[in-house]
Amino acid sequence: GQPDKTCNASVGDTVILPCTTTSPGELNPSNSRLYWQIDSLVVHFFHSGQDLPAFQNKRYHGRTSLFLDQIKHGNFSLKLSNVQLLDTATYTCIYKQTGDHPNTTQKSKVKLIVSGPSSAKKTPLLSEHSKISSRSSAEVPCLAMLLSFHLLVTLGVWH
């Protein structure tokens with residue numbers, strides 16, 4: 001499917017990949033599973049109130065974090081630091097609630113486009129206009145939500 005939102009960043013930047021839920025009321029982080037992934041590659045995994053870096057692809061170790069105090073309010077956005085060109089991809093945010101409402105699963109996709117190092121002075125090919133437009137689009141807050149279940153089933157990490 002098409003990504004719900006596109007974000008832009010430059011090499012070395014810190015970018016926030018947005019993901020929020022539309023669920024009313026507070027969520028219980030200890031009854032939550034949250035995956036950020038690219039296809040089957042796990043970028044970040046949060047389960048029962050804690051981050052589980054053991055499941056994370058080593059390329060992302062130490063570069064990802066969630067807003068842990070915001071999860072209960074439905075903010076599952078991922079902060080990715082020291083962005084690399086290889087990080088250009090479509091990221092999928094999958095939230096699954098366990099416990100009282102085990103069937104609550106939400107999914108959204110965010111496309112990240114990474115451009116070369118911020119020191120654009122070395123590349124005179126970039127006009128002022130294109131630098132301004134790429135910077136302003138990176139500041140636009142990206143928010144969207146989709147519902148789906150099949151990726152969690154195919155992931156098969158938890159039964």
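Nothing fancy with the numbering, it's 1 onward along the sequence. Owing to the predicted nature of the structure, the values given are computational and were not obtained by experimental measurement.
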Identify the residue among L86, L85, L80 that makes a side-chain contact (heavy atoms from CB on, under 4.5 Å) with V114. L85
Stepwise side chain to side chain contact (heavy atoms under 4.5 Å, CB included) check, F46 with L52: CA-CA 6 Å; F46 175 88; L52 294 176; over 6 Å; no
Spacing of CG belonging to N31 relative to NZ belonging to K72, to within rounding of 0.5 Å: 14.5 Å
When you measure from the side chain of D13 to the backbone N and O of V83, does any donor-acceptor pair fall under 3.5 Å? no
Polar side chain donor-acceptor pair, S32 to Y95, under 3.5 angstrom: yes
For the NE2 atom of H47 and the OG atom of S30, what is their distance to the nearest 0.5 Å? 10.0 Å
For the hydrophobic clusters of this structure (ILVMFWY residues joined by side-chain heavy atoms under 4.5 Å, transitively), does one cluster hold both I113 and V11? no
What I'd like to find out is whether the side chain of R59 reaches to under 4.5 Å of the side chain of D87, using heavy atoms alone. yes
Looking only at heavy atoms, which two atoms of P18 and W36 are closest? And how far apart? O-CH2, 3.9 Å
Where do H73 and D69 come nearest, in terms of heavy atoms and distance? CD2-O, 3.8 Å
Would you call the rings of F45 and F55 parallel, tilted or perpendicular, where under 30° means parallel and over 60° means perpendicular? perpendicular
Are any of the side-chain heavy atoms of Y60 and L41 separated by less than 4.5 Å? yes
Looking only at heavy atoms, the pair that brings C7 and V110 closest together is SG-CG1, 3.9 Å
Mind running side chain to side chain donor-acceptor pair (under 3.5 Å) on Q37 and T92 for me, showing each step along the way? CA-CA 5 Å; Q37 58 192 58; T92 306; 6.0 Å; no
Interatomic distance, NE2@H44 vs OG1@T64, rounded to 0.5 Å, equals 4.5 Å
Go through the steps for V43 and I38 under the test side chain to side chain contact (heavy atoms under 4.5 Å, CB included), then give the verdict. CA-CA 7 Å; V43 175; I38 303 166; 3.8 Å; yes
Mind running side chain to side chain contact (heavy atoms under 4.5 Å, CB included) on L27 and I71 for me, showing each step along the way? CA-CA 7 Å; L27 304 170; I71 289 175; 5.7 Å; no
If you compare all heavy atoms of K109 against all heavy atoms of K107, which two are closest, and at what distance to 0.1 Å? CE-CE, 4.2 Å
Euclidean distance, K79 NZ relative to T14 OG1, rounded to 0.5 Å: 6.0 Å
Is there a side-chain contact between R63 and Q84 in this structure, where contact means two heavy atoms from C-beta onward sitting under 4.5 Å apart? yes
Are any of the side-chain nitrogens in K111 or D4 under 4.0 Å away from the carboxylate oxygens of its partner? no
Mind checking whether D51 and L66 have side chains closer than 4.5 Å, heavy atoms only? yes
On a heavy-atom basis, the closest approach of S77 and F67 is O-CD1, 3.6 Å
Let me confirm one number: the CG-CG distance from L78 to L34, rounded to the nearest 0.5 Å. 8.5 Å
